[in-house]
Structure formats: C-alpha cells, structure tokens
**Q** 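Before I ask anything, let me first share the structure, which is written out below as structure tokens.
Whatever order the structure lists ligands and atoms in, that order sets their numbers, starting from 1.
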Amino acid sequence: MVTDGQDARSKSRAAQSPGNISRAEETSMSSSYAEFHRRSIEDRDAFWAEQARLIDWQTPPQTICDYSKPPFAKWFVGGTTNLCHNAVDRHLKDRADQPALIFVSTETGQEKVYTFRELHAEVQRMAAALQSLGVKKGDRVLIYMPMIAEACFAMLACTRVGALHCVVFGGFASGSLATRIDDAEPTVIISADAGSRGGKPVPYKHLLDEAIGLATHKPAAVLLVDRGLAPMNLVQGRDHPWGALREQHLNAQVPCEWVDATHPSYTLYTSGTTGKPKGVQRDTGGYAVALAASMKHIYCGNPGETYFSTSDIGWVVGHSYIIYGPLIGGMATIMYEGTPVRPDGGIWWQLVERYKVTVMFSAPTAIRVLKKQDPAYLTKYDLSSLRALFLAGEPLDEPTAQWISEGLKGKPIIDNYWQTETGWPILSLCNGVEKATSKFGSPGKAVYGYNVKLLDDQTGAELTEPNQKGVVAIEGPLPPGCMQTVWRDDARFVNTYWSSVPGKLVYSTFDWGIRDEDGYYFILGRTDDVINVAGHRLGTREIEEAIASHSNIAEVAVVGVADQLKGQVAMAFAVLKDASALNDEQAMLKLEGEVMKLVDGSLGAVARPARVRFVSVLPKTRSGKLLRRAVQAVCEGRDPGDLTTMEDPAALQQIRELVSQA
Ligand code: ATP
Ligand code: MG
C-alpha cells in the first residue's frame, strides 16, 4: 500500500478543514444522511420507488430493480415514461411562461430566453423535422453542434420521439467524428455551419463532410443550422437547412413517444483520458429519476430558479446538468457559448447577477483560468442569489478551492466526483438531505444509491479502516441513471468495469481514494497514475499538490518515467503564474531547486521529481483534463497514441523538445 505522502496529506487535511466543527458534532450531524444512505442500499427498492415519484410516468414501474443478470441492472421495469416530457411538457401546467432555456453567446453577442412554452414549440418543430427525415424510435441521431439553443432542441427532440442522441463534442476534428459515426450508425446527423471561439468562427461543415467521407456508415440525411458564420456547400438530397424545415413545421404537434424505462436515451463517449473512448449507453426512466432526485438532494435547485452549468453539451455534465437535470427540476438553464474571460473575466458573475442564478456548476480547470484574472471581478456583481458552486471533472486542488471560496465570501464550494459512466455524482454532499460542511480536497461522502467500497488493488480485499488507500469501487447494482452497458458491446462493459477483482463482481472507477474517520473521501488520482520509485508507490496527484503549493506555479503534471536504476522516476512539467523568466535558464534552474525542496519537505525525498521543467501550456483533453499518458509516452520516447481528444497539439511538442534536449 502507499504510505509515502499519505501522512502529509492527512496533516494538511486536518489543518485546512474549514468547518471548525469537532468530530463529535460531525458524527451526530451526519446521522440522518447516514440513515438516508443506508436505506438507499439496504432498502433499495422502497427507497427508489419513493424517488421515482419525482417524475411523471405514463405507466408506473412494476419492478424497481431487476438485478437477475448482474452486472446488468434494469431499473423501473414495466414503467413507461419520456425524458422530454419530464423536462418540458409536464411544466406547461404550472410554468409555461417562465424561462426554461437562457441562451447566451458572448461569441456572437446573442442572448435569448425561451419559456417552457416556447421551448415546447421549438422542440416539436425539430422533432417533426427529424421525423420527416426518417427518424424513428430506436434510431440514432448524431449531434455535432456548438453551444447554441438548437442543440438543446435537438437533444430534446430525439428523446421526444424515442430516438437516441449521440452528441459529439463540437471541437473534435473529422477523424474522431468519423469513428463515432461508424460506432453510432446515425440515421440523421445534426450540425451547424460553425462554432465560434474567442470571437472567431470555427467552421464545422467541411469537417463533417470529411468525417462522413471517412466513415463507412453514411447517414440518410444531415440537418444544418445556418448561423451565418461560415459558408456551407450543401450536398444535394442529403443536406437540409434547419431554417426551411423549421418553417415547414412551425405549428407541428409531435406527442411524446412513451418508451420503456429501460429504453436507451443516448450514448456518449468518455473523455479518452486513459485510452480509447468508451460509448456509454444510458436508459430513460432510471436517468430521469436519478437526475430529479439529484436536483433535490444534491444541487438543491427549486422550480422557477436558474441553474448555470458552464460545461458543454459534448460532455456528460452538459447532458445531465445543462439540459436534463435543471429542466426536469423545473428550473431555467443557462446555455453559454464563449470563454470565461471574454469580454472579460467577470462575464460568468455578470450572468449570475442578471439571471439570479441560484446553483452554479463548473470545473476546477475553469476556476484556475479565472484565478489568473483580476479578483475584483468577484466583488463587482451582486452574487447574493447564488447558494452554492459545484465543481467536478478533476481533482479540486486546495489552493484553487481556497481562492474561489474566499472570492465567493464563504459560499459553499462543493466538489463532486463522478464519471461519464455514472451520469450523476458518486461522491458529494447531499445538503438537501442534511446540511454538511465541505472539507477542502474532498468531494464528500458516498451519495445515496452508491455502495462505495475501497479495495486493496492487489488482493481486492475491502479496506474498512479510515485513511487506507484503495481503489474506489461500487458494489452492484449501480444505482439508476448509471450506464446500462457499452453501446453494442456488453462484453466490453463487463471486461472493462467489472473484472478488476478476480472472483468478485464489483464496478471499478479506476481512481484511487481514501476515506477519513467521518466518511469523507479524497480522490488521489487514477489507478494508472501511480508510479513506483525504488519500491515506493506514489500517487502523481500527491506530488502535483506539493509542487502546486509553490507561489509561482499555476499548474503542474507529474508522470512516472521508466528508469533503469529506480524502476520509475517522477518527472514534472509546470506552468508558471509569472512566466516572464521562462527563457532564463538560470532562473528556471533556481526555481526547479525550490520546487524540489518543497516536495522533499512535504512528501519526502523519495517523491522528489528527477526534473521539474517549465512549459507555457500542458497537454489536456478538450474537456480540460491532463493527458498524463501522452506526457509519459513522450518522456519514454514512445508513440503517444490516440491524441484525437487533445486540445492543443503544440503543448506536447514543447515537452518533446525539452525531453530531447535533456
Ligand atoms: P476515459 O475514461 O476515456 O479515460 P475520463 O475518465 O477522463 O476518460 P470522464 O468520465 O469525463 O472521462 O471523467 C471521469 C474521471 O474524472 C473520474 O474517473 C476521475 O478520474 C475524474 N474526476 C471527475 N470528477 C472528479 C473530482 N471531483 N475529483 C477528482 N477526480 C475527478
Ligand atoms: Mg474514465
């Protein structure tokens, strides 16, 4: 087991835990959430039958959970419902004229509010258009779109007619798009002329044409939104402009298709941080119930309020908490096209003020971007409506958490941990059940429905003592809303996720974690991010945290690199806050020495990186996650493999140059 670094972490946790509440108080406070969680596991069916009442059913479910063929769980069997109905139609009775979708583009300067009634009309137009292009229940519709209102209409139109949407992040190039077209085999593809980034159009259409050319499967039709940003060459007979079809179906009435709770609603790929992306398939009823329950128990958003998630529809957070979750909860949702710093670093807070946002959801990477901006932006706007800021997607480092917590004057910053596979949080605080205090560095406790275990990575044995480091695993059945399987690949589902412990059917997250005395978890990185230095097993995140505590380090990636003598050594690549001396070799050597000293002091000399190199940018996926596997490959002179999800190819080039100089 990993011991090095663990003690240092425990110390820093104790010191920085902000709640000032004692163990005894904490324990007594947690009793009612503990009971809620216990019921969700031990009295599973009764618990989820209750939660199922949060949504509308056409036919109520007969069996709450059918786990007769583990690890495949079928939730709410016999029930029929519809995601679009729950997100849109059912709110017409009480809030038809309240805002549902708030579309803001700081790229094009557009801002438009759609009420539930208007959203209902737009979705039916899109649904009718899809039907006219031959889309039927069970068909796939691939959505390759920027963050525009039509993308929301498109997703809802798919689930309305029982078709599966497969959203592919708009930033992907033709190669990645082509593999996804072949995997999904869509009847129709919906796209647009262009996205926009930093005020410049990013044309999509030629990438789409290229991708369709590369793919074996050819869609019957392509529906194109023309934003007037880039020219489009329409392919006769295949391509259809949305504007004309919308006109044709202006008064369309397309009833919701009632589907079985287990009918798949969509497929979505994981980020591809660790390898070939996996096509996650999600159901309908379980997903709707899970999201409705999470709005109540975790995000504490109420009907009539505004939810602002800064993610993208290309990611799972966009599916769950830009589109479906807030709308199912009767909230208005902000769909934002643009960067966090344009026109200036105050834009998000300005939106919070203007739309009286009560719940906000972002990612640590975005907060780190804002951290480089003038902190005055945080006091410039009236943020009194905001109740909490949720962050997810990657480890929330303590300096970033501290910075934003101070900036928001102590409003709760709630780290939540989950995966594309689960669709909603595995670890969080459930303040809707019982108020709890965040601990910096921890995404909180096991969420109801998740029977979370820590397992010894060698033996698979459960670790029950506090502060032991193990693999975060979930005992089946996974709760409602989690993946049903890998699209068209049941074997990959079982082999990838359920086979890591021989003889035991348990879902592995492939993340390391520890749990403290109070039941709070700390995620220590991915299982393939552990390095072995002369027999000592070290988590890369622990070393990164030590390095990031240096006042001039903005961001850092640590990887293990093969070493003849020690097995592996740590190599660090860091981005400076003040990069003015980046080309001054002496200054960088001095800084490297300082950083090494810091690591020695907090984790011990064994964790000290062989080198600390300084770069202007780190290689990341399009969703902002560090691509350590690619950095490691470059350091070891290997082929970095599939880089289609990488944001900026130049980032890896810098590292390549530094490594070749050495
Ligand atoms: P792939 O599975 O294809 O390699 P990915 O794991 O990056 O890609 P996602 O499903 O987007 O794809 O990311 C989930 C992972 O992100 C988690 O398994 C975990 O490693 C990390 N993560 C998410 N939220 C948190 C968090 N709050 N704290 C720490 N890590 C997190
Ligand atoms: Mg993953």
**Q** Classify the ring geometry between Tyr33 and Phe36 as parallel (under 30°), tilted (30 to 60°) or perpendicular (over 60°).
**A** tilted
**Q** Should the pair His165 and His319 be assigned to parallel (<30°), tilted (30 to 60°) or perpendicular (>60°) ring geometry?
**A**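 Ring orientation of His165 relative to His319: tilted.
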**Q** Using a 4.0 Å cut-off to any heavy atom of Glu421, which atoms of ligand 1 qualify?
**A**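 Within the 4.0 Å cut-off of Glu421, ligand 1 contributes 10 (O).
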**Q** Once you measure the plane-to-plane angle for Tyr448 and His297, does it fall in the parallel (<30°), tilted (30-60°) or perpendicular (>60°) bin?
**A**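 The arrangement is perpendicular - the two ring planes meet at more than 60°.
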**Q** Ligand 1 and Pro443, any nitrogen or oxygen pair closer than 3.5 angstrom?
**A**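 Between Pro443 and ligand 1 (N or O atoms, distance only) the closest approach is not under 3.5 Å.
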**Q** Over 60° means perpendicular and under 30° means parallel, so tell me whether Tyr307 and Phe361 are parallel, tilted or perpendicular.
**A**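 Rings of Tyr307 and Phe361: tilted, 30 to 60°.
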**Q** Would you mind running through ligand 1 and noting each atom that sits below 4.0 Å from a heavy atom of Pro395?
**A**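 By the 4.0 Å cutoff, the relevant atoms are 28 (N), 29 (C), 30 (N).
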**Q** With a heavy-atom distance limit of 4.0 Å, tell me whether Lys625 approaches ligand 1 through its side chain, its backbone, both, or neither.
**A** side chain
**Q** Taking 4.0 Å as the limit for heavy-atom contacts, which would you say applies to Arg526 with ligand 1: side chain only, backbone only, both, or neither?
**A**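 Answer for Arg526: side chain.
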**Q** Measure Tyr269 to ligand 1 on non-hydrogen atoms and call it side chain, backbone, both or neither using the 4.0 Å cut-off.
**A** neither
**Q** For ligand 1, indicate whether the residue Leu396 contacts it via side chain, backbone, both or neither (heavy-atom separation under 4.0 Å).
**A**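 For Leu396, no heavy atom sits under 4.0 Å from ligand 1.
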**Q** Over 60° means perpendicular and under 30° means parallel, so classify the ring planes of Trp498 and Tyr507, tilted if in between.
**A** perpendicular
**Q** With respect to atom 19 (C) of ligand 1, which of Ile414, Ile426, Asp511 exhibits the smallest heavy-atom separation?
**A**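 It is Asp511 whose heavy atom sits nearest to atom 19 (C) of ligand 1.
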**Q** Non-hydrogen atoms of Ser623 versus ligand 1: any pair closer than 4.0 Å?
**A** no
**Q** Test Tyr269 against Asp183 for side chain to side chain donor-acceptor pair (under 3.5 Å), laying out the working first.
**A** CA-CA 10 Å; Tyr269 292 88; Asp183 199 56; 2.5 Å; yes
**Q** Should you measure from each heavy atom of Thr420, which atoms of ligand 1 turn up under 4.0 Å away?
**A**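 Result: 9 (P), 10 (O), 11 (O).
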**Q** Strictly distance-based, threshold 3.5 Å: is any side-chain N or O of Gln568 a donor or acceptor partner for the main-chain N or O of Asn532?
**A** yes
